[in-house]
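Structure record follows, encoded as structure tokens.
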Amino acid sequence: MTISEWLDAREPRPPVALDGRVRVAIGADLARDVADVAPVCVAAAERTLATLLETTMMQREHAFELLAADALLTYAFESAADDPEHLAAFAASTMVRLTAPASLLREPS
């Protein structure tokens, strides 16, 4: 099963526009094996957040991008929860990864 097929099987189905944005963020990785859902979705969310921060797209009209990043992380944790023994480590590493783009918001010294 591919990541695309895994997304197709999610219930309840997300709104069409959100599903499309998630798939655009994942890109060519949609064809990867379902075992890669968690890291692929985290990477896509990280790229989405970094783009928002780097391009000053933090206005209200860009809220949909933030919603897509949230959906990607939700999918990542949904998939990672299938391996409860490693879930805490996955969560910790994801938190570290997601704090890196936030450094762009800090004032220069």
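When the side-chain contact (heavy atoms from CB on, under 4.5 Å) test is applied to T2, the partners found at least two apart in sequence or on another chain are S4, E5.
In summary, D8 and R23 engage in a salt bridge, as defined by a charged side-chain N under 4.0 Å from a carboxylate O.
For R47 (side chain) and A25 (main-chain N/O), a donor-acceptor pair under 3.5 Å exists by modelled atom type.
For E11, the CD atom is densely surrounded, since the number of other residues' heavy atoms within 6.0 Å is greater than 12.
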Test T48 against R21 for side chain to side chain contact (heavy atoms under 4.5 Å, CB included), laying out the working first. CA-CA 10 Å; T48 300; R21 181 60 193 100; 4.0 Å; yes
Side chains of residues 66-79: which donor-acceptor partners sit under 3.5 Å, not counting sequence neighbours?
{"unit_1": "T74", "atom_1": "OG1", "unit_2": "D70", "atom_2": "O", "d": "2.9"}
{"unit_1": "E78", "atom_1": "OE2", "unit_2": "R10", "atom_2": "NH1", "d": "2.6"}

Return all side-chain donor-acceptor pairs below 3.5 angstrom for residues 31-41, not counting sequence neighbours, or 'none' if the list is empty.
{"unit_1": "R32", "atom_1": "NE", "unit_2": "D36", "atom_2": "OD2", "d": "3.2"}
{"unit_1": "R32", "atom_1": "NH2", "unit_2": "D36", "atom_2": "OD2", "d": "3.3"}
{"unit_1": "D33", "atom_1": "OD2", "unit_2": "A35", "atom_2": "N", "d": "2.9"}

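Hydrophobic clustering, with ILVMFWY side chains joined whenever heavy atoms are under 4.5 angstrom apart, keeps V24 apart from L30. Criterion: ILVMFWY side-chain heavy atoms under 4.5 Å apart, direct or through other members. Under it, V42 and L52 are part of a common hydrophobic cluster.
Taking all atoms of both residues into account, the shortest heavy-atom contact from F90 to A80 is CD2-CB, 3.5 Å. Nearest heavy atoms, L7 versus R13: O-NH1, 3.0 Å.
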